[in-house]
Amino acid sequence: MNQEQRNKAEKLFNEYQGHNINENDLNKADKKASNLGSKMADFKLLLRMMKDVMSGKYSVSGKEKAILIGAIVYVVSPIDAIPDVIPVVGWLDDIGVVGYAMVSLSNTIQRYKMTLGIN
């Protein structure tokens, strides 16, 4: 991903943080997870955490929730820094956004995993 695409991805990600998310969005995201290669498991963990946040089983700060929503909506959205219709390369920005969310939420993810009793 070049610098222009990175800037576009960051701008879109920031816009997506303000969106609302629903069960339909989570289902769409789950179907797209397989396109994320090595980040698929990470993304599925973010989805699981978001479902628990939405159901009230787990609580996160407003900022953490915004990062979760931003990453999920970015992956689901057809409007990307690199269009998803471009084979392989089209998912690089999505993978980058998921990686960013994982790093940004690393402490929250560790607490979440401890709550679930998983490593």
Side-chain angles (χ1 to χ4, degrees):
M1 184 175 359
N2 65 36
Q3 189 60 43
E4 180 182 338
Q5 292 165 332
R6 181 169 287 130
N7 291 342
K8 186 176 179 183
E10 185 175 325
K11 180 182 176 201
L12 288 168
F13 175 77
N14 289 329
E15 287 177 23
Y16 293 152
Q17 287 182 332
H19 281 67
N20 289 321
I21 197 165
N22 59 42
E23 191 68 32
N24 188 41
D25 295 324
L26 295 176
N27 290 335
K28 284 181 190 176
D30 191 51
K31 289 177 184 173
K32 291 190 172 194
S34 63
N35 295 315
L36 297 173
S38 64
K39 292 294 180 187
M40 181 175 74
D42 290 343
F43 187 64
K44 286 193 173 262
L45 180 64
L46 295 177
L47 291 174
R48 184 175 179 181
M49 187 184 321
M50 189 68 224
K51 287 178 184 180
D52 285 345
V53 167
M54 289 171 59
S55 71
K57 292 180 184 175
Y58 192 73
S59 181
V60 296
S61 72
K63 180 181 178 182
E64 293 164 333
K65 187 175 180 182
I67 293 169
L68 280 168
I69 290 171
I72 293 166
V73 173
Y74 191 91
V75 169
V76 171
S77 175
I79 302 170
D80 278 3
I82 305 172
D84 293 343
V85 295
I86 301 172
V88 182
V89 177
W91 287 95
L92 290 178
D93 58 326
D94 298 74
I95 290 167
V97 165
V98 171
Y100 169 79
M102 294 300 291
V103 169
S104 297
L105 298 171
S106 61
N107 291 333
T108 304
I109 289 168
Q110 288 305 317
R111 284 192 314 272
Y112 180 68
K113 286 180 171 183
M114 285 177 27
T115 300
L116 295 177
I118 59 175
N119 295 330

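Throughout, residue positions are numbered sequentially from 1 according to the sequence presented.
Across Leu45 and Lys113, no two heavy atoms sit closer than the pair CD2-CE, 3.6 Å. The two residues Tyr58 and Met49 make their nearest non-hydrogen contact at CD2-CG, 4.3 Å. A pairwise comparison of heavy atoms in Ala29 and Phe43 identifies O-CE2, 3.4 Å as the closest pair. Smallest separation of non-hydrogen atoms from Ala71 and Leu46: CB-CD1, 4.5 Å. Scanning both residues, Val75 and Asp94, for their nearest heavy atoms gives CA-OD2, 3.2 Å.
Note: Arg111 CZ to Leu105 CG = 9.5 Å, rounded to the nearest 0.5 Å. Taking CG from Asn20 and CD1 from Ile69, the interatomic distance works out to 7.0 Å, rounded to the nearest 0.5 Å. Here the straight-line distance linking atom CG of Leu68 with atom OG1 of Thr108 works out to 8.0 Å at 0.5 Å rounding. Met114 CE to Leu116 CG: the interatomic distance, rounded to the nearest 0.5 Å, is 11.0 Å. Ile72 contributes atom CD1, which lies 5.5 Å from atom CG of Leu26 (distance to the nearest 0.5 angstrom).
Formation of a donor-acceptor pair under 3.5 Å by the Ser106 side chain with backbone atoms of Val103 is found in this model. Distance alone, capped at 3.5 Å, is enough to place a donor-acceptor pair between the Lys32 side chain and the Val76 backbone. When atom types are taken as modelled, the side chain of Ser104 and the backbone of Tyr100 share a donor-acceptor pair closer than 3.5 angstrom.
Taken together through direct or relayed side-chain contacts under 4.5 Å among Ile, Leu, Val, Met, Phe, Trp and Tyr, Val60 and Met50 form part of one hydrophobic cluster. Linking Ile, Leu, Val, Met, Phe, Trp and Tyr residues whenever their side-chain heavy atoms come within less than 4.5 Å leaves Leu92 and Met40 in two separate clusters. In terms of hydrophobic clustering, with Ile, Leu, Val, Met, Phe, Trp and Tyr side chains grouped at heavy-atom distances under 4.5 Å, Met102 and Val53 are assigned to a common cluster.
The salt bridge (Lys or Arg N to Asp or Glu O under 4.0 Å) analysis of residues 44-58, with sequence neighbours excluded, yields the pairs Asp30-Lys44.
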